[in-house]
Amino acid sequence: SEERNDSYQLHQSSPQPQPATGWHCATGGPRVGAMVTTLFSTSPCYPAYGAYPVWTTRPGSHKRRSRKARTVFTAEQMVALEDNFSRQKYLSVPERLVLAKQLGLTEQQIKTWFQNRRTKWKKQLSEQDSAEKAAASEEQDTEETSDSSAEDQI
């Protein structure tokens with residue numbers, strides 16, 4: 001119990017908080033005069049957040065693993081990928097492995113490219129559908145207007 005009490009007192013006698021520097025508030029100014037403890041900091045800009053860990057750069061952010069750099073496909077790879085996509089929108093695992101080996105890419109890169117390309121394709125279909133409906137609606141309005149004009153002339 002005495003040993004436990006000592007560790008508690010040791011924790012209580014930790015160094016005094018130091019002024020923090022770092023990210024800027026929503027107001028655009030630096031976080032001046034904020035106090036940082038060894039574990040937690042309070043935000044003068046977002047008081048509703050209360051305390052947040054010091055290792056975060058701002059409230060709501062989380063430590064993330066560093067991301068792999070975005071793949072830049074060569075022109076030859078793009079032609080091959082687009083050619084395959086025009087023939088089939090979905091690849092089986094063996095097809096994906098063969099294509100990855102042919103193009104010098106990973107299976108995951110091929111899979112991701114096809115997912116993104118299908119999304120783009122569906123968006124293009126949707127936009128094309130909307131444009132056709134708008135054109136048909138406009139054509140119908142024009143016909144109705146010309147029909148009523150002809151009736152007025154009679």
Side-chain angles (χ1 to χ4, degrees), residues 14-15 17-154:
S14 59
Q18 299 298 315
T21 59
W23 66 277
H24 293 255
C25 304
T27 59
R31 191 169 66 157
V32 178
M35 302 306 275
V36 177
T37 64
T38 53
L39 293 176
F40 290 95
S41 169
T42 55
S43 169
C45 299
Y46 300 94
Y49 280 89
Y52 59 94
V54 170
W55 58 82
T56 60
T57 56
R58 60 177 182 245
S61 71
H62 302 286
K63 277 182 112 173
R64 294 188 180 137
R65 285 187 279 169
S66 59
R67 295 178 67 170
K68 188 176 182 290
R70 183 176 180 268
T71 303
V72 179
F73 298 104
T74 65
E76 294 81 19
Q77 289 171 332
M78 287 299 296
V79 167
L81 288 164
E82 287 289 350
D83 184 49
N84 274 280
F85 185 80
S86 67
R87 282 186 271 120
Q88 64 188 106
K89 308 299 183 227
Y90 293 86
L91 293 179
S92 65
V93 173
E95 292 168 330
R96 197 166 55 222
L97 287 169
V98 168
L99 185 58
K101 190 169 185 169
Q102 286 173 350
L103 299 178
L105 298 168
T106 66
E107 182 186 358
Q108 185 62 48
Q109 287 171 319
I110 300 292
K111 182 179 178 181
T112 302
W113 187 90
F114 268 80
Q115 287 174 336
N116 292 339
R117 186 61 181 88
R118 281 192 300 271
T119 301
K120 180 180 176 181
W121 172 64
K122 288 174 185 176
K123 184 179 177 184
Q124 288 170 336
L125 287 178
S126 176
E127 289 171 355
Q128 184 180 354
D129 229 18
S130 297
E132 288 173 2
K133 286 180 182 177
S137 176
E138 191 175 306
E139 188 178 306
Q140 188 177 11
D141 290 347
T142 306
E143 287 176 8
E144 289 174 2
T145 305
S146 63
D147 287 346
S148 64
S149 298
E151 289 174 7
D152 290 344
Q153 290 176 0
I154 298 177

Is Asp129 reaching over with its side chain to a backbone N or O of Leu125, donor-acceptor style, under 3.5 angstrom? no
Who passes side chain to side chain contact (heavy atoms under 4.5 Å, CB included) against Lys123, sequence neighbours left out? Glu127
Could you grab the distance from atom CG of Leu103 to atom CZ of Phe73, nearest 0.5 Å is fine? 9.0 Å
If I take atom CD from residue Gln128 and atom CD from residue Glu132, how far apart are they, to the nearest 0.5 angstrom? 5.0 Å
Check: Ser126 main-chain N/O paired with Ser130 side-chain donor or acceptor under 3.5 Å: yes
Please list every donor-acceptor pair under 3.5 Å in which a side-chain atom of residues 109-117 meets a protein atom from a residue at least two apart or in another chain.
{"unit_1": "Gln109", "atom_1": "OE1", "unit_2": "Thr106", "atom_2": "N", "d": "2.8"}
{"unit_1": "Gln109", "atom_1": "OE1", "unit_2": "Thr106", "atom_2": "OG1", "d": "3.3"}
{"unit_1": "Gln109", "atom_1": "NE2", "unit_2": "Thr71", "atom_2": "OG1", "d": "2.9"}
{"unit_1": "Thr112", "atom_1": "OG1", "unit_2": "Gln108", "atom_2": "O", "d": "2.9"}
{"unit_1": "Thr112", "atom_1": "OG1", "unit_2": "Gln108", "atom_2": "NE2", "d": "3.2"}
{"unit_1": "Asn116", "atom_1": "ND2", "unit_2": "Thr112", "atom_2": "O", "d": "3.4"}
{"unit_1": "Arg117", "atom_1": "NE", "unit_2": "Glu82", "atom_2": "OE1", "d": "3.1"}
{"unit_1": "Arg117", "atom_1": "NE", "unit_2": "Glu82", "atom_2": "OE2", "d": "3.0"}
{"unit_1": "Arg117", "atom_1": "NH2", "unit_2": "Glu82", "atom_2": "OE1", "d": "3.3"}

Let me check something: any side-chain donor-acceptor pairs from residues 86-99 under 3.5 Å, sequence neighbours excluded? List them with distances.
{"unit_1": "Ser86", "atom_1": "OG", "unit_2": "Asp83", "atom_2": "O", "d": "2.7"}
{"unit_1": "Arg87", "atom_1": "NH2", "unit_2": "Asp83", "atom_2": "OD2", "d": "2.9"}
{"unit_1": "Gln88", "atom_1": "NE2", "unit_2": "Tyr90", "atom_2": "O", "d": "2.9"}
{"unit_1": "Gln88", "atom_1": "NE2", "unit_2": "Glu95", "atom_2": "OE1", "d": "3.2"}
{"unit_1": "Lys89", "atom_1": "NZ", "unit_2": "Phe85", "atom_2": "O", "d": "3.1"}
{"unit_1": "Ser92", "atom_1": "OG", "unit_2": "Glu95", "atom_2": "N", "d": "3.4"}
{"unit_1": "Ser92", "atom_1": "OG", "unit_2": "Glu95", "atom_2": "OE1", "d": "3.1"}
{"unit_1": "Glu95", "atom_1": "OE1", "unit_2": "Ser92", "atom_2": "N", "d": "2.8"}
{"unit_1": "Arg96", "atom_1": "NE", "unit_2": "Glu107", "atom_2": "OE2", "d": "3.2"}
{"unit_1": "Arg96", "atom_1": "NH2", "unit_2": "Glu107", "atom_2": "OE2", "d": "3.1"}

So, for Val72 and Gln77, which heavy atoms are closest and what is the spacing to 0.1 Å? O-OE1, 4.4 Å
When rounded to the nearest 0.5 angstrom, what is the spacing between CG in Leu81 and CE in Met78? 6.5 Å
